[in-house]
Amino acid sequence: MRSSLKRDLRKVYDLLLNAFGPQNWWPAEDPFEVMVGAILTQNTNWGNVEKAISNLRDHGSLDQASVSSMTESKLASLIRPSGYYNLKARRLKGLVGFLTTEYSGEISCLKEVPLEDIRRQLLSIKGIGPETADSIILYALERPVFVVDSYTKRIISRLRLAEKNMGYDGLQRIFHENIPEDTGIYNEYHALLVRLGKEYCRPRPLCGGCPVHELCGSA
DNA sequence: GACCAGGCACATC
DNA sequence: GATGTGCATGGT
C-alpha cells in the first residue's frame with residue numbers, strides 16, 4: 001500500500017474542515033431519534049427522512065413506547081415519505097424489540113457493552129447492516145467506530161486511496177488504521193465526506209470547485 | 001421521464 | 001463469493 005495514506009487522509013480531513021467547517025452531526029435531539037434516522041435514511045434522501053421524523057414527532061410517537069405499541073401499518077403510514085415504508089416500519093419494530101428485550105429500553109446501558117459485542121448484537125437485528133450499526137454506535141452511543149457509506153466509497157475511490165472494489169470492512173480498516181481513534185474526529189470526518197459527496201461527488205463525475213480537487217486523480 | 005438518495009436481505013449462480 | 005433483485009418516496 002501507499003506509505004502516504006495517513007498523510008493524504010489527514011489532508012482530506014483538513015481541506016474539508018477548512019472548506020465546510022464543523023457539520024454538527026447527527027441532526028437529532030436524542031439517541032433514539034438518531035437510531036430511527038439511521039434506519040429511515042437507508043438508501044434515501046435525508047430530506048425525506050426529515051419529513052418522516054416530523055410526522056412521528058407531530059404524532060407524539062418519536063419514542064420507544066409509541067413505536068412499540070403502534071401497529072406496524074400505522075407506523076408505516078407515518079414514515080411513508082422516507083420510502084420503503086413497510087420494510088422500515090418492520091425494521092424500527094425490530095430495533096425497539098431488541099432494546100426492550102436486551103436492555104429494558106435503557107439506551108445508556110448500550111454504552112457499557114464492549115464495542116465489538118454491541119456491534120455484533122446490532123448486526124443481528126434484521127434490517128441493520130454495517131452502516132446502520134456503525135451510525136448508531138458513533139452518533140447515538142458516541143463511541144469510536146468509523147462509518148462507511150456510499151459517499152465514502154465513491155470519494156475514497158476517486159481519490160485513489162483505495163481499490164474501487166474494496167468492501168465495507170476493508171474501507172473501514174483504512175480509516176481505523178490511519179486516523180486517530182477519536183469519536184469527535186470520526187463523527188466530523190464522516191459528516192464532511194457526506195457533505196462533499198452531496199455537493200461535488202455524484203455518481204457521474206462533477207468536480208468543479210471541489211475542495212479536494214488537488215488530490216483527485218480522475219476529476 | 002430518468003436519475004439519484006447517508007442500505008439491506010434474500011435468491012441464484 | 002460475486003451478482004441481481006425487491007423494497008418506494010420525493011427532489012432535480
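Each chain gets a letter, A, B and so on, in the order the sequences are listed, and its residues count up from 1.
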Does [N] have OP1 or OP2 under 4.0 Å away from a side-chain N or O of [X]?
| X | N | result |
| --- | --- | --- |
| A/K88 | C/dA8 | no |
| A/T41 | B/dA5 | no |
| A/R154 | B/dC4 | no |

NA contact type, A/S82, heavy-atom cut-off 4.0 Å: base, sugar-phosphate, or nothing?
nothing

Within the structure shown, what part of the strands sits under 4.0 Å from A/S135 by heavy-atom distance: base, sugar-phosphate, or nothing?
nothing

Please determine whether a side-chain nitrogen of the Lys or Arg among A/D117 and A/R120 lies less than 4.0 Å from a carboxylate oxygen of the Asp or Glu.
yes

Lys/Arg N to Asp/Glu carboxylate O, A/R173 vs A/D169, below 4.0 Å:
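Salt bridge flag = no for A/D169 with A/R173.
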
Euclidean distance, atom [atom1] of residue [X] to atom [atom2] of [N] [Å, nearest integer]:
| X | N | atom1 | atom2 | value |
| --- | --- | --- | --- | --- |
| A/L193 | B/dA5 | CG | P | 15 Å |
| A/N165 | C/dT3 | CG | C1' | 14 Å |
| A/Y200 | B/dA5 | OH | P | 16 Å |
| A/E50 | C/dT9 | CD | C1' | 15 Å |
| A/Q42 | C/dT9 | CD | C1' | 15 Å |
| A/W46 | B/dG7 | CH2 | C1' | 14 Å |
| A/Y168 | B/dA9 | OH | P | 13 Å |
| A/L40 | C/dA8 | CG | P | 13 Å |

Of A/L123 and A/G47, the one whose closest DNA chain B nucleotide lies more 5'
A/G47

Closest-nucleotide 5' rank along DNA chain B - winner of A/I128 and A/G197
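Closer to the 5' end of DNA chain B: A/G197.
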
Looking only at heavy atoms, what is the nearest atom pair of [X] and [Y], with distance?
| X | Y | answer |
| --- | --- | --- |
| A/Q172 | A/D134 | NE2-OD2, 2.9 Å |
| A/S61 | A/V67 | O-CG2, 3.7 Å |
| A/Y168 | A/V147 | OH-CA, 4.0 Å |

Taking atom CD1 of A/I137 and atom CD of A/E142, what is their separation to the nearest 0.5 Å?
13.0 Å

About how many Å separate CD of A/E214 and CG of A/L15, when rounded to the nearest 0.5 Å?
5.0 Å

Output one line per pair: protein atom, nucleotide atom from nucleotides 4-7 of chain C, and distance, for all N/O pairs under 3.5 Å.
none

Please report the distance separating the P of C/dA8 from the corresponding atom of B/dC10, rounded so that it comes out in whole Å.
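Nearest-Å result for C/dA8 against B/dC10 at atom P: 15 Å.
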
Pick the P atom in C/dT5 and in B/dC3, then give their distance to the nearest Å.
16 Å

Hey, quick one: are A/L75 and A/V49 part of the same hydrophobic cluster, counting side-chain heavy atoms closer than 4.5 Å, chains of contacts allowed?
yes

Would you say the side chain of [Y] lies within less than 4.5 Å of the side chain of [X], judging by non-hydrogen atoms?
| X | Y | answer |
| --- | --- | --- |
| A/F146 | A/I174 | no |
| A/L16 | A/R195 | no |
| A/L92 | A/L40 | yes |

What do you reckon, is NZ of A/K93 surrounded by more than 12 foreign heavy atoms closer than 6.0 Å?
yes

Between residues 13-20 of chain A and DNA chain B, which residues have a heavy-atom gap below 4.0 Å?
none

Mind telling me whether A/Y13 and A/Y189 have parallel, tilted or perpendicular rings, with 30° and 60° as the class edges?
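Tilted: the ring planes of A/Y189 and A/Y13 meet at 30° to 60°.
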
Which of these nucleotides, B/dA9, B/dC4, C/dA8, is closest to any side-chain atom of A/R202?
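Closest nucleotide among those given: B/dC4.
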
Grab the N/O contacts between the protein and nucleotides 10-12 of chain C below 3.5 Å, and write none if there aren't any.
{"residue": "C/dG10", "atom": "O4'", "partner": "A/N48", "partner atom": "OD1", "Å": "3.2"}
{"residue": "C/dG10", "atom": "O4'", "partner": "A/N48", "partner atom": "ND2", "Å": "3.0"}
{"residue": "C/dG11", "atom": "OP1", "partner": "A/K51", "partner atom": "NZ", "Å": "3.3"}

